[in-house]
Amino acid sequence: TAMARLPRQLAWFIAAAILVLPLRALASEEHADPWQFTLAPYAWLAGQSGSVGTLPGLPPADIDVDFYDDILGNINGALFLLGEARKGKWGGIVDIAYTDIEDENATPVQVLWKTAVSQTKSWMVSAAGLYRFWEKDRAYMEGIAGLRYWRIDSRIALSGGPAPTVERTNKEDWIDPVLGLKGRSFLGGSKFFVDGGLTVGGFSVGSDFMWDAHANLGYQWTPTFATTVGYRYLDVDYENDGFVYDVAQEGILLGLGWQW
């Protein structure tokens, strides 16, 4: 019904407006602070646990790949890159994350099959506006509002039981509105700093719910170059027409950052 669609349409309108507002503010600050840019490639050694299902009518397969034990033998490929542009209190950020993880020990439907192989290729591309609402000495906090695009290519192969061998693939994509906070603080007068962030989204517009948190310890080697080590946890719950993607990813972050 029209009333049922209204919350989703309202969420899209709010998300689009939030993305446009920083651009208007940046244009109005033509003679204010100079532009600042950051480029930060990073590695996320993320394990994966949860449920992925592409067979309507059957329970989804449970997957469990530990980042500290299994991930180097189960990850087929990965790409991570973050970019940020800032002018005064306003800015924008783009975060691109791609992973290809395969689990040869996924838990199948035991009565029908004994072996399950699950492979998940996931793209997450986030674009958001930033507003720095608090800054003091060498610390700051800022708000995040924007959108996250998801693309999930999943494959499940079931074999080794009384039922015939089955292999299914499925492709899903959706867009989540996202809101969050992030910040950074240097430790005293040193070159060490801590930073982190929390983002939530979905709200039944795309996924039912999503949250993404990370924390890092960094070192500012020069005014333009820094390195970080930290931890990230991401959880998303999405369901559509029999497709299930209820997955958590967590693991160590290693990052490089250039600012100019």
Side-chain angles (χ1 to χ4, degrees), residues 18-19 21-47 67-68 78-97 99 124-148 178-201 210-235 248-260:
I18 290 172
L19 283 173
L21 284 174
L23 299 178
R24 293 179 60 86
L26 289 173
S28 67
E29 294 182 7
E30 182 178 354
H31 304 292
D33 297 324
W35 281 96
Q36 293 181 333
F37 300 95
T38 301
L39 184 65
Y42 63 96
W44 184 21
L45 304 179
F67 84 93
Y68 54 84
L79 170 68
F80 306 100
L81 183 64
L82 184 146
E84 183 176 324
R86 170 172 305 283
K87 187 176 176 65
K89 293 184 177 181
W90 295 90
I93 189 170
V94 174
D95 186 3
I96 301 172
T99 58
M124 296 183 297
V125 181
S126 305
L130 303 173
Y131 179 72
R132 186 166 297 183
F133 59 86
W134 179 82
E135 188 169 11
K136 184 177 181 181
D137 299 328
R138 299 202 295 165
Y140 65 82
M141 287 289 294
E142 49 195 18
I144 306 169
L147 302 172
R148 174 170 292 182
V178 294
L179 299 170
L181 295 171
K182 74 180 187 74
R184 172 176 290 188
S185 177
F186 278 85
L187 302 178
S190 74
K191 293 186 177 181
F192 286 97
F193 61 87
V194 292
D195 67 21
L198 171 65
T199 303
V200 297
M210 177 279 302
W211 68 280
D212 186 355
H214 72 276
N216 297 306
L217 174 65
Y219 189 80
Q220 192 74 42
W221 297 91
T222 71
T224 59
F225 178 69
T227 57
T228 58
V229 58
Y231 197 83
R232 182 179 184 181
Y233 186 96
L234 167 69
D235 192 295
Q249 291 179 255
E250 59 178 317
I252 293 174
L253 285 171
L254 302 171
L256 306 173
W258 285 271
Q259 187 178 55
W260 68 93

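Between Arg138 and Gly188 the shortest heavy-atom distance is NH2-O, 2.9 Å. Residue Tyr42 comes nearest to Gly255 through the heavy atom pair CB-CA, 3.9 Å, listed as atom of the first residue, atom of the second, then distance. Annotation for Ala213 and Leu198: closest pair CB-CD1, 3.9 Å, computed over non-hydrogen atoms. Of all non-hydrogen atoms in Tyr219 and Phe193, the two that sit nearest each other are N-CE2, 3.5 Å. Summarising the geometry of Ala145 relative to Leu179, their closest heavy-atom pair is CB-CD2, 3.8 Å, with the distance given to 0.1 Å. Contact record, Ala248 with Asp235: CB-OD2, 3.6 Å, taken as the closest heavy-atom pair.
Scanning for salt bridge (charged side-chain N to carboxylate O under 4.0 Å, His left out) contacts around Asp212 gives Arg148, Arg232, with sequence neighbours left out.
How far CZ of Phe192 is from CD of Gln220: 12.0 Å, rounded to the nearest 0.5 Å. One finds the CD atom of Gln36 at 11.5 Å from the CH2 atom of Trp260 (value rounded to the nearest 0.5 Å). With values rounded to the nearest 0.5 angstrom, Leu256 atom CG is found 7.5 Å from Thr228 atom OG1. Here Ile96 contributes atom CD1 and Leu79 contributes atom CG; the two are 7.0 Å apart, rounded to the nearest 0.5 Å. Taking OG1 of Thr199 as the reference point, atom CD1 of Ile144 lies at 4.5 Å (rounded to 0.5 Å). Taking CG of Leu217 as the reference point, atom OG1 of Thr227 lies at 9.0 Å (rounded to 0.5 Å).
Contact check for Trp44 versus Leu234: side-chain heavy atoms found under the 4.5 Å cut-off. Between Val94 and Leu81, every side-chain heavy-atom pair lies at or beyond the 4.5 Å cut-off. Considering only heavy atoms from C-beta on, Leu253 comes within 4.5 Å of Asn216 through its side chain. The side-chain heavy atoms of Arg184 and Tyr140, taken from C-beta on, include a pair separated by under 4.5 Å. Looking only at side-chain heavy atoms (C-beta outward), Asp95 and Phe80 stay at 4.5 Å or farther from each other. Side-chain contact between Arg86 and Thr38: absent, with no pair of heavy atoms (C-beta onward) separated by less than 4.5 Å.
For an aromatic pair to be called close, the ring centres must be under 6.0 Å apart, and Trp90 with Tyr131 satisfies this.
In this structure, the side chain of Lys182 does not engage the main chain of Glu142 through any donor-acceptor pair within 3.5 Å.
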